[in-house]
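Only one structure is covered here, and it is reproduced in the block below.
In the text below, chain A, chain B and the rest are named by the order of the sequence lines, each starting its count at 1.
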Number of protein chains: 2
Amino acid sequence: MIHSRPIAKKTDAHCPHDKKVSCGNCRLNTICLPLSLHIEDIDRLNQIIQRSKPLQKGDYLFRAGDAFSSVYAIRSGAVKALTMGDNGDEQITGFYLPGEIVGMDGLADNQYTNSVIALETASVCEIPFNRLEELSLKLPSLQRHFFQLMSREITQEQQIITLLGKSNAEARIASLLLSISSRNSRRNLSANEFLLPMSRTDIGNFLGLTIETVSRIFTRLQKGKVIGVDKKEIIINDMNALQQLAKGAE
Amino acid sequence: MIHSRPIAKKTDAHCPHDKKVSCGNCRLNTICLPLSLHIEDIDRLNQIIQRSKPLQKGDYLFRAGDAFSSVYAIRSGAVKALTMGDNGDEQITGFYLPGEIVGMDGLADNQYTNSVIALETASVCEIPFNRLEELSLKLPSLQRHFFQLMSREITQEQQIITLLGKSNAEARIASLLLSISSRNSRRNLSANEFLLPMSRTDIGNFLGLTIETVSRIFTRLQKGKVIGVDKKEIIINDMNALQQLAKGAE
DNA sequence: CGATCCATTGAAAGATGTCAAGCGTAGTGG
DNA sequence: CCACTACGCTTGACATCTTTCAATGGATCG
């Protein structure tokens, strides 16, 4: 059991469903839009973005095979992206937290290759790609920005590949926890205490482990005083040890 | 002690490959540049692309940390991309065959996150990104094309994630062989017989397996008449069985 | 309250890693 | 031309880790 106070659920905007929020004043814009645009250009961008999609847990944002039209910035909550194998087995390809962008896989063949499902109540900003494309032709720094966003998605997926290349289960789980931790601190949330938005089953699927193994590793890390676990609540007690484990140290 | 291999020099005078090749008549352009550009636009693109980089086995195309300047299309041969962990362990993030493009990871932070090394003698087309960016502002279909290329890289890395998510070694190796097979047939090469450009060690590193396991799986698949193996030469005898194995069927 | 879902735990089976030995090839220097 | 070494690969025996199968408990919901 963890005896410290419960973690208050934090939202990323004053009101996560406030439709009046604009990119200019969004708390997340340093993450999803680190732009050097003029104020009027931000306004033009702002005008094409739609913010009318609150999702409940389990809702699909889009499905693999749907026609590609938009990319989506996560504003609050969390989602998972997954592909369906030929036989019907799902493989989670990533978890996306506020400030991160999903749907960029759909551009290649004009249809999404992943389905994206809300892990909890979530709100997103829809960015119609056609209009973004047009605007990018007029705003060089916006074009560059989207090239960079896609590049960042590539590097992050390479980090996942690196994570999955680790041989043992402990290293993979440690890496996942560290990843969530650092993404939280980027949003000025605690790097040491947070709620996992996904189930053990999702973690296992993502990391190529069974749910039982995930559970056992959590228990083992807890017994070793590296982390505290209470359901979805995680407290990192020994960041250094966790980093060592992520590297594969015994 | 780590011995750095020399980086191939741009100034190499004698290129064994035809420098007169242009994107317009390159055999690979349906893969790396499936463009709907006007003939004069292809010419403009053609003018910014440099084709003077023959690499020998083991040569670096670029190193992680180098300043980002260009992306590279593989013209012949094969390369591997790898990241270095904090401790010094390498993780291969991908193999790139002719018609495929490396270096798009470098755009996010203006420096490459991967090192890219030739697996065999290879030639590449260098595409300076600044100039590509400028040209993209004038040619909407080129801008779209590069968005699509990056999107394709994203989807392909998601396929790798899916591959690594598979629990057993047989499925991972089967998937890798099928990937190489299909990429070969895209280039009108045999889907059933090919030479692996990479070592067993590289395969193991990429798939998160030890070299011994890789070797054993090859032997087992050979004994099961699914494939034929002779050093780096692979013959797929039973494509169907290999696909079943890739799905995880026993 | 019963049903269901999610998570945890134990025991046994199976898969992969580790350690060790050996083989063949390519390259090197005598 | 012949050792000789270095390297990549294969194979075996054994240790270790993860999965599988089974049982249980807690939470949630109708």
| Centroid-centroid distance, Tyr72(A) to Tyr96(A), less than 6.0 Å | no
| remark: Rounded to whole Å, the CD-P distance (Glu233(A) to dA7(C)) equals 15 Å
| field | d(CZ, Arg216(B); P, dG12(D)) in whole Å | value | 9 Å
| query | Rounding to a whole Å, what distance do you find between Ile173(A):CD1 and dT18(D):P? | reply | 9 Å
| message | Quick one, Leu245(A) and Leu221(A) - any side-chain contact, counting heavy atoms below 4.5 Å? | response | yes
| message | For the CG atom of Leu28(A) and the CZ atom of Arg186(A), what is their distance to the nearest 0.5 Å? | response | 10.0 Å
| query | Between the side-chain atoms of Arg220(B) and the base atoms of dT10(D), is any donor-acceptor pair under 3.5 Å? | reply | no
| query | Tell me: CD of Glu120(A) to P of dC6(C), nearest whole Å? | reply | 16 Å
| request: Check if the side chain of Glu212(A) and the base of dC21(D) share a donor-acceptor pair of N or O atoms closer than 3.5 Å. | output: yes
| said: Please report the distance, rounded to the nearest Å, between CZ in Phe218(B) and C1' in dC9(D). | reply: 11 Å
Which donor-acceptor pairs under 3.5 Å do side chains of residues 224-243 of chain B form with protein atoms, sequence neighbours excluded?
residue: Asp238(B); atom: OD1; partner: Asn240(B); partner atom: N; Å: 3.3
residue: Asp238(B); atom: OD1; partner: Ala241(B); partner atom: N; Å: 3.0

| remark: Rounded to whole Å, NZ of Lys232(B) lies from P of dG8(D) at a distance of 9 Å
| Thr213(A) side-chain N/O to dT19(D) phosphate OP1/OP2 under 4.0 Å | yes
| Taking Asp202(B) as the fixed residue, which of Leu207(B), Leu119(B), Leu82(B) is the one that meets the side-chain contact (heavy atoms from CB on, under 4.5 Å) rule? | Leu119(B)
| request: Tell me what Gly208(A) touches on the nucleic acid: a base, only sugar-phosphate, or nothing, going by heavy atoms under 4.0 Å. | output: sugar-phosphate
| task | Please tell me which of the listed nucleotides, dT11(D), dA11(C), dT16(C), lies nearest to the side chain of Asn168(B)? | result | dT16(C)
| For every nucleotide of nucleotides 23-30 of chain D, 5' to 3': is a protein heavy atom under 4.0 Å from its base (B), only from its sugar-phosphate (S), or from neither (-)? | ----S---
| query | Roughly, in whole Å, what's the span from CG in Asp230(A) to P in dC6(C)? | reply | 18 Å
| field | Heavy-atom side-chain contact between Lys166(B) and Ser175(B) under 4.5 Å | value | yes
| remark: Which of dG17(C), dA20(C), dC9(D) is nearest the side chain of Thr201(B)? It is dC9(D)
| task | Figure out the CZ/P separation between Arg200(B) and dG17(C), and round it to whole Å. | result | 16 Å
| note | Taking dT19(D), dT9(C), dA15(C) as options, the one with an atom nearest any side-chain atom of Leu209(A) is dT19(D)
| said: Within the supplied structure, the quantity of interest is the number of heavy atoms (other residues, nucleotides, ligands) at a distance under 6.0 Å from Arg187(B) CZ; does it exceed 12? | reply: yes
